Structures are given as structure tokens and as C-alpha cells.
Amino acid sequence: MLLAIVAVGGAVGFRTLLEGLGQFYYLPMVPAVVITAMLARRPATALAVALSIAVNLALVPRESLSDALTNAALFAGVTWLLAEICWGLRALDERTRDLSRQLAAKDAMLNTALASVPVVTLEANGEIRRLNPAAADLFALTEKAARGRPFAELAPGFDIKATTRTGATGGPLESKDAHWNGLRPDGATFPLSIQYGIVPGSSGGEHVALCLTDLSRWHAADAQARELHAQLNKVWRLNSLGEMAATLAHELNQPLSAAATYLHASQVDMERAGPLGDSALRTAELAKGQLLRAGKIIRRMRELLSLEVRRMDTERASSMIEDLGPIFTMIGASKGVAIRLDLEAEDDRVQAERIQFQQAMVNLTRNAVEAVGDRTSPEVVIVGRTVSDTQYRISVEDNGPGIADDQIDRIFQPMTTTKSGGMGLGLSVTRTIVESHGGRLQVSRSALGGAAFSFTLNREPSVETV
Ligand code: ADP
């Protein structure tokens, strides 16, 4: 308001100065209103207009009232229009400043984000126009040394035409191989992935921005994971081999003892033959000694193999099976089979020796996967259910050929196999493990159409809460 009064006061003074030159009406008052509009808001501007009209009416004698009113209305209309233009310009200026602030913030954010990403921009002919510090580090080059060189020198096989061929404005750039190879000045190469984007609005000198990713670490991690998988698989196979050797020792022990008994019986007969049988008796004695020695070696081997104290613990059946996830993935991947788990995880606390139990599960699952290997939609499911207060049942089911009725007894015998590389020990080892857990390994026809191997584990009574 004060501004309006001062501005109008100034205009009156200016007008008085001009009086020597002639008679002025409203014209000297116009700047007072415009200045007020530029610096203040509507109420102050309205006051400036009103004061200007009042001063003019007081100072300029008019011939008629209508003349005075028309001039006042004209002055008010014109100056208000000028004021509106001022305000519009001011709002536009504020908006422009606001937008450039936002743009600067976005620019700073983009620069920060891109600082760690190697980016190279190319001319339309594939020559390097610019590369940011991260890209310079990646290729062990300075920007100066890189500028103007064809990007194909840094990524052999790169062709700028591939970026425009599809008509898309950007995306991943496929390489002939699984990935691109970056080339450093010392000849070292590294795996690389390239994302491109055509920079808009740069037709003619149209250029392309390439966003690069160094895949070295990813490749190293992948190789390490594969190595670990292979090692894990080996450990499981070795463990299985240990179990198999124990079973083998058990199986061999019986015929050896029987042979020793037969030899002993024949020695008794030979004794009856008198001196004639003496030589044969001594040879039989030597043979019996060797058989007993073989028996001792086998017993020693069994003792060694069962050296680890195997203690039953309370375990959760679902967790013992779920922990085998990576092994199942690996076993399944070899035949392209996804192994599905369908486990009841409530009240699944059982008595088990974790490693032995898991070994049995691996054996059954491996057999199931091998059985469905040539099916068009192979299925292997591991089902776990609480079947009574005392038992939790586990079954490994598949949609393979199943087991013929007359084969059911045979397959559990050691050395029975239908596979060219099979040892025929997996099922007998598994049966031994299941029996040591107080269960019985059974085979039936699965609802999936193939075999279902199942057994039960003793449940740990759940703790009663009062
Ligand atoms: P291996 O796997 O070395 O042959 P196993 O004792 O584990 O030894 O299995 C014996 C045989 O039982 C196998 O050769 C196979 O013929 C049969 N068998 C085992 N599991 C299955 C199954 N899920 N489906 C069909 N046949 C099976």
C-alpha cells in the first residue's frame, strides 16, 4: 500500500515538472501503476489506480462529467491490462526459474548415477565421441586417446549398424557369442554387456550412447558357484560310496563265513581219510586261514566305515528335505526335471540321523529322476505327511515306467541294476538306512503313473503346553 502511495506521489511530482511543457492528463500516472504492479499485488495496484484517478480529477479541470468519467475508466482499463501483463510475465519468470532448478537437480542426480556406470557416446559412423571416467577406467584408456577411434577397436565385432537395424531407440545389444569382449591396450580381454540408446534430436550427426557392464565379477561368481556345485555332488557321491562299501562288506561277510564253515566240514571228512588226506587237510587249512583273514579285513573295513558315531536326533523332516534343495536342483538339471516338494511342515519333528536320512533321500530321488529322464513331461514329487500320532510318512514318486510286480523283491538286492553304469547298491543302502531308523522301505505304484518309494519315520511327541 505504501508503495502505491509513494509511486503515485512520485508520478504527481513528475507531472508537475512536465507542466511547463504542456498539459498532461493521465499519461504521467501510468508508470506509477505499472511499477506498483511489478513490485506488489492486486490490492496495492488497485489503490495506485484509484489514487491516480483521484489526483487527476482534482488537478485537471474538465469540461464535462462524462468526459472525466470516460477518461478515468479508460485509464483504469488500460493500466489494469498492463498490470495483468506484468503479473503474467512475473509468474512465467518464476515458473522458468523453478523448472531450471528442477532440471539442475535432475541433471545432478543423473550425473551421480551415471558416474559409476561406464558410458560411451559414438558418432553416427561408430567413432568414439566421448567416454566418461568409468568407461575410461574400464578400458584403461584416457578420453583423449579414445576419442575418434572406432568403438569396434575396443569391442571387437561391434557394428554401429546393429543399433539402428531393428528400428528401436534402444535396448540390449546382442553379441554373436554369449557376451561381448572388451579389449584393453595391453591385450587383456574382459566379458562385457552393452545397452544402447539412440540420442534423440541428433539426426544427421545422430549419435548413440552405450551403457556398458563389466561381467568379469559375475562370470567369476558363476564359475565359483558351478565349481561348488560340482564339489557338493562329489561329496554326496563319495558319501554314497562309503555307505555302499559298508553294505558290500556286510554282504560279502556272509558267503565268506559260509565258505569257511564248508571248508571246516570238509576238513572233518578229510581227517577220516587218514594219512592220505593229510596234504589236502593242510591245503584246506591254508584256504580256511585266507578266508578268515578276508573276513577280518572286511570286518575292519566295516568298523572303519561306521567309525562316525551316528546318533539319532530330533529333526524336522521338512527342513531336512528342504535343505537338499540345491542337490535336488543339480540332480534334476542333469535330466531337465524339476523336483517338486509337497511337505506337511506342521508337527514334523522326527527321530533321525540327518546325514544318513538325507543320503537315503538323495538315492531315491536320483533313481526317480533317472526313471523319468525320457518322459516328455517328467514329474518327480517328494511328499511328506503326518500319518499318525507316531509316524511321519515320506514318499518319492515319479511318472516313470514303475517297477514290475515280479521285480519288486529283486531290486532291493545288492548288485541288481538295469542301468549300464549302475552299481545296484542304492536301494539296498537306502533300505539299510530306513531300517536303522525303525522303518520299512516299500515300493508301490504312484498316482503319477510310475514308482512310489515310501517309508515312515518315528515322530517325536509334540511338547504339551499347559
Ligand atoms: P542303480 O541305481 O545303481 O541301478 P539301485 O539299487 O538304486 O541301483 O536301483 C536298482 C534298480 O531298481 C535300478 O537299476 C532300476 O531298475 C530300479 N529302480 C530304482 N528306482 C526306480 C524308479 N524310481 N523307477 C523305476 N525303476 C527303479
Side-chain angles (χ1 to χ4, degrees), residues 232-255 302 305 321 324 327-343 355-385 393-437 439-457:
L232 205 61
N233 201 13
K234 217 155 134 187
V235 167
W236 277 100
R237 281 187 179 281
L238 279 177
N239 192 32
S240 189
L241 221 60
E243 301 277 2
M244 285 174 189
T247 307
L248 208 59
H250 174 73
E251 296 297 331
L252 283 177
N253 212 24
Q254 281 173 350
R302 287 189 65 198
L305 289 169
I321 298 173
L324 289 170
I327 308 277
F328 288 154
T329 309
M330 206 163 51
I331 294 174
S334 61
K335 300 270 178 189
V337 183
I339 296 159
R340 192 156 60 81
L341 302 186
D342 175 10
L343 306 169
I355 300 294
Q356 273 198 329
F357 166 80
Q358 289 182 323
Q359 182 68 60
M361 291 307 298
V362 168
N363 290 351
L364 293 179
T365 310
R366 187 178 278 137
N367 275 349
V369 167
E370 283 170 356
V372 298
D374 53 0
R375 288 286 190 266
T376 40
S377 36
E379 277 186 87
V380 172
V381 189
I382 300 176
V383 186
R385 293 278 182 274
R393 184 182 194 79
I394 291 154
S395 58
V396 180
E397 308 193 14
D398 61 64
N399 66 341
I403 316 270
D405 286 346
D406 58 340
Q407 293 296 311
I408 287 182
D409 286 335
R410 283 197 59 222
I411 56 167
F412 290 106
Q413 285 166 16
M415 311 293 179
T416 306
T417 181
T418 52
K419 302 168 193 165
S420 56
M423 288 178 70
L425 286 171
L427 281 180
S428 68
V429 167
T430 307
R431 189 177 55 179
T432 311
I433 294 175
V434 167
E435 285 171 0
S436 73
H437 280 73
R440 208 159 78 82
L441 183 61
Q442 289 175 314
V443 61
S444 58
R445 183 150 286 273
S446 151
L448 299 176
F453 284 85
S454 54
F455 61 94
T456 54
L457 290 175

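Just follow the structure's listing: the first ligand is 1, and inside any ligand the first atom is 1. Since the model is a prediction, treat every value here as computed from it, not as a measurement.
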Just jot down the ligand 1 atoms closer than 4.0 angstrom to any heavy atom of [X], in number order.
X: Gly422; value: 3 (O)
X: Leu425; value: 6 (O), 8 (O)
X: Gly426; value: 5 (P), 6 (O), 7 (O), 8 (O)
X: Gly402; value: 25 (C)

Specify the protein heavy atom at minimum distance from [atom]: its residue, its atom name, and the distance to 0.1 Å.
atom: atom 7 (O) of ligand 1; value: Asn367 ND2, 2.8 Å
atom: atom 24 (N) of ligand 1; value: Ala371 CB, 3.4 Å
atom: atom 15 (C) of ligand 1; value: Thr418 OG1, 3.4 Å
atom: atom 10 (C) of ligand 1; value: Thr416 O, 3.2 Å
atom: atom 17 (C) of ligand 1; value: Ile411 CG2, 4.0 Å

Pick whichever of Arg431, Gln413, Lys419 has a heavy atom sitting closest to atom 2 (O) of ligand 1. Lys419
Are any of the N/O atoms in [X] less than 3.5 Å from those in ligand 1?
X: Gly424; answer: yes
X: Thr417; answer: yes
X: Asp398; answer: yes
X: Leu427; answer: yes

With a cutoff of 4.0 Å, is Phe453 in contact with ligand 1, counting heavy atoms of the residue only? yes
Residue-ligand contact Gly400/ligand 1, heavy atom below 4.0 Å: no
Does [X] reach the main-chain N or O of [Y] with its side chain, forming a donor-acceptor pair under 3.5 Å?
X: Thr417; Y: Lys419; value: yes
X: Asn399; Y: Glu379; value: yes
X: Thr416; Y: Phe412; value: no

Between [atom1] on residue [X] and [atom2] on residue [Y], distance to nearest 0.5 Å:
X: Leu343; Y: Ile382; atom1: CG; atom2: CD1; result: 7.5 Å
X: Ile403; Y: Asp409; atom1: CD1; atom2: CG; result: 11.5 Å
X: Thr430; Y: Asn363; atom1: OG1; atom2: CG; result: 4.0 Å
X: Arg375; Y: Leu448; atom1: CZ; atom2: CG; result: 11.5 Å
X: Glu397; Y: Leu364; atom1: CD; atom2: CG; result: 11.5 Å

For ligand 1, is any non-hydrogen atom under 4.0 Å from Ile403's backbone (N, CA, C, O), its side chain (CB onward), both, or neither? side chain
Between Gln407 and Arg410, is any side-chain donor less than 3.5 angstrom from a side-chain acceptor? yes
Testing Gln442, Arg393, Arg385 for side-chain hydrogen bond (donor to acceptor under 3.5 Å, both in side chains) with Ser454, which one passes? Arg393
Going through the distances and angles, do Met361 and Ile321 end up as a side chain to side chain contact (heavy atoms under 4.5 Å, CB included)? CA-CA 8 Å; Met361 291 307 298; Ile321 298 173; 4.3 Å; yes
